[in-house]
Amino acid sequence: MFPDVETPSPLLQHLNPEQRAAVTLPNEHALILAGAGSGKTRVLTTRIAWLLSTGQLSPGGVMAVTFTNKAAKEMMTRLSSMLPVNVRGMWIGTFHGLCNRFLRAHWKLANLPQSFQILDTQDQLSAVKRVMKQFNVDEERFPAKETQWFIGGCKEDGLRPRDVQVRTEEDRRRVELYQLYEEQCAREGVVDFGELMLRSYELLRDNDAIRAHYQRRFRHILIDEFQDTNKLQYAWIKIFAFNPDGSSGAGNSIFAVGDDDQSIYAFRGARVGNMADFVREFQVRHQIKLEQNYRSYSNILDSANALISHNKGRLGKNLRTDQGPGEPVRVYEAPTDLAEAQWLLEEMRHLVRGDGPEGGTARREIAVLYRSNAQSRVIETALFNAGVPYRVYGGLRFFERAEIKHALAYLRLLENPNDDTSFLRVVNFPPRGIGARSIEQLQDAARAAGCSLHDAVSATTGKAGANLGAFVAKIDVLREQTQNLSLREIIELVLQHSGLIEQYRAERDGAERIENLEELASAAESFVMQEGFGRDAVALPVDELSQSPVSQGLDPDQPLLNEPAPDYVPPDAETGETLSPLAAFLTHAALEAGDNQASAGQDAVQLMTVHSAKGLEFDVVFVTGLEEGLFPSERSMSDLDGLEEERRLMYVAITRARKRLYLSHSQTRLLHGQTRYNVRSRFFDELPEHALKWLTPKNQSFGGSAFGFGAGYASTRSGGGGGGGWNADRFASPPVPAQKAEPSHGLKAGLQVFHTKFGEGTVLSIEGQGDDARAQVKFTRHGVKWLALAVAKLTPVT
DNA sequence: CAGGCCATTGTTTTT
DNA sequence: CAATGGCCTG
């Protein structure tokens, strides 16, 4: 039964001592502090494989939770390559995916309609707007976005409307809206993302039999990226181990893996404190640190370690590597954002040609990281003009595109006519003469009758009623017609008869949209193949705790899937009932937004925000725009927590690099149509000098924490030339550093000046020469700003 | 009812 | 600079 000490399992062979210790921990709660590049996913999957192969656990007894579908898929793929186990029947998935599976299985107890649909963020916002409109809430005083954020925040904290503390009149109003929104969702048979979590948590908390069942069933629960869990997710995990009264559950073990230094999602409710709470409340006796890094050379790691050591209250961890120092971290200062882009283009060319580490670097191994999406533009333009293939991450994802959302809305109406969100989305798209007026009337009728918009149509009269009637009839006919069709056929029929294809064919750039709609049909088809609909789907004994080891989970007739679907919902254990392929596909579309941009396969440079780079690694990494006010961002600099999160973000950025790391900043940058003068980021001052190589002279900086001011900006119009002024020559010669030469403008630090817009101020410092000259001025009324002397009208005050 | 024009406003992202 | 949203006219 247990591993033979003499011949350790081959699973453990390639693990270092700490990893092995983590994998083979006894069946108790444990916290693994896994540094960047320390083999975290490997430990997680090997742990599961080891438990299964030693017979300590059956596939049905494991639950593994991740944050992204990508991570869940990777875990399943790796696991199935280690062991011949059917991963589809195992509870491996995202928090939301698993909650969905749970609620599908217990929809009655959860008080949900059997085929409830899931609202994504867009849908949720329009649902909130609808509630607010219906109850005549002033959108000026209560922006819908804010209300949405409020509702989401409440759910994340596990609070129902009646649980929310009300202090002000505005609070009372918000809670009221929350309540009304809840009622609307219930009426329409839809749940939002937060609801998936909260509803399943409540069911586990309040239903003793259900809780006892799952506590017994999931002997081992493993959680990835634990530092990113929010309050509700923590409570959700806890309810599997403890009863609401605090007594221990069935003695299962929670295996949490995380890295407090990589916690970068506090802004959306993540609580790093969950790690410390976990240790305390679960009386964790096993804590293992994975500090051996297999990714980067030591100059890169030293930089990361030095930087992050400036944060307080860390759990404490230092990455180390057996690889040598490697190349120094290169630092570059550009005069403008354009020049910065030109410079990295030039560096990339060298890298790809073969001057880089170990000969030519593949473009896909080069990543350009930035703090905010807006920064990608200049870089994209430079790459595009130079004909360098690149790929930008972020932006609209497949299932979020308008045309796809429209098609899905039609499909959702087939499944659930009460889905008013979908009804409103397509009732007049393509245009069929149903305007705001008719819709308002319809909404009034629906409210009076207490029914859905769909059902209210029959009561309406007049010419508006005729159009509405035709729409509803079309939907109902489609529902009939698609009764016995395959999913692909359903979608094709809907695309034709809804008029979507026709509509886009008439539009100027509708070709791409039509392509996407065709892609939707293909996506549906491959989804059907994956989920095994149509074929005889094998109902796994998922609800029975099998005492036998791995072999029980094996099904020789079931081929192992290359890409297991993490949102798989097993058929009902009693009735064998499964979701219709359409309902399953709609759920899939809501839970997995899909890739953002295809064009994969080509060898392209990777552009992305630091946030989306988390979890990835590249041979060469450029971190750009390292300027005060940008990175760290302006909004985070006011409080310490915000600044520490920015530092962790920087830590994540640095640790993405395997072989070579570049850090760059620019003196000026065009942002919001204005030229901003930025000081280099304080993070440069927190890096070890020995690991750095300054490609441009390191000038005296007044940035950094010494003064503690943020970067101001000169409110000058950008020159009419539109940025064409900087060319290759400009950056080829390094920018002139601030000289002590006599300035021509007659200003110097300490001088009192007057500005037409900002009034009186004191010059703090001067930098640059000629047209580049700029002054940092502390204004009495407007704070510290940087002003371009060539443009700003500054006059000395006597 | 629909399309066009002007004013506003800008982190980070997954489910 | 750009995307988005509200308002106004044909």
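Since this is a predicted model, take the numbers as computed values, not measurements. Numbered from 1 within each chain, the chains take letters A, B, ... in sequence-line order.
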Can you tell if the side chain of A/Leu307 reaches within under 4.5 Å of the side chain of A/Met650, non-hydrogen atoms only?
-> yes
Is there a side-chain contact between A/Lys405 and A/Asp123 (heavy atoms, below 4.5 Å)?
-> yes
Would you mind classifying the nucleic acid contact of [X] as base, sugar-phosphate or nothing, using non-hydrogen atoms under 4.0 angstrom?
X	answer
A/Asp120	nothing
A/Ser438	sugar-phosphate
A/Asn428	sugar-phosphate
A/Leu630	nothing
A/Gly194	nothing
A/Ala436	sugar-phosphate

Base orientation of B/dT11, chi within 90° of 0 counted as syn, else anti, reads syn
Atom-pair distance ([atom1] on [X]; [atom2] on [N]), nearest Å:
X	N	atom1	atom2	answer
A/Gln233	B/dT15	CD	C1'	9 Å
A/Phe193	B/dT15	CZ	C1'	4 Å
A/Asp224	B/dT15	CG	P	13 Å
A/Ile118	B/dT14	CD1	C1'	14 Å
A/Phe399	B/dT13	CZ	C1'	19 Å
A/Gln122	C/dT4	CD	C1'	14 Å
A/Lys145	C/dG5	NZ	P	7 Å
A/Glu225	B/dT15	CD	P	12 Å

Span that lies between the C1' atom of C/dG5 and that of B/dT12, in whole angstrom | 23 Å
Take atom C1' in C/dA3 and the same atom in B/dT14, then report the distance between them in whole Å.
-> 23 Å
Mind checking whether [X] and [Y] have parallel, tilted or perpendicular rings, split at 30° and 60°?
X	Y	answer
A/Phe240	A/Trp236	perpendicular
A/His611	A/Phe267	perpendicular
A/His665	A/Phe684	tilted

Does A/Tyr651 have A/Arg648 sitting over its ring (NZ/CZ under 6.0 Å from centre, angle to axis within 45°)?
-> no
Show the distances under 3.5 angstrom between N or O atoms of the protein and N or O atoms of nucleotides 8-12 of chain B.
from   : atom 1 : to       : atom 2 : distance (Å)
B/dT12 : OP1    : A/Asn373 : N      : 3.0
B/dT12 : O4'    : A/Arg371 : NH2    : 3.1
B/dT12 : O2     : A/Arg371 : NH2    : 2.4

Counting just side-chain N and O atoms, does A/Asn69 come under 4.0 Å of either OP1 or OP2 of B/dT15?
-> yes
For A/Ala590 and for A/Arg432, locate the closest nucleotide of DNA chain B by heavy-atom distance; then report the residue assigned to the nucleotide nearer the 5' terminus.
-> A/Arg432
Quick one: do the A/Thr624 and A/Arg371 side chains pair a donor with an acceptor below 3.5 Å?
-> no
Could you list the residues that satisfy side-chain hydrogen bond (donor to acceptor under 3.5 Å, both in side chains) with A/Thr609, not counting sequence neighbours?
-> A/Ser612
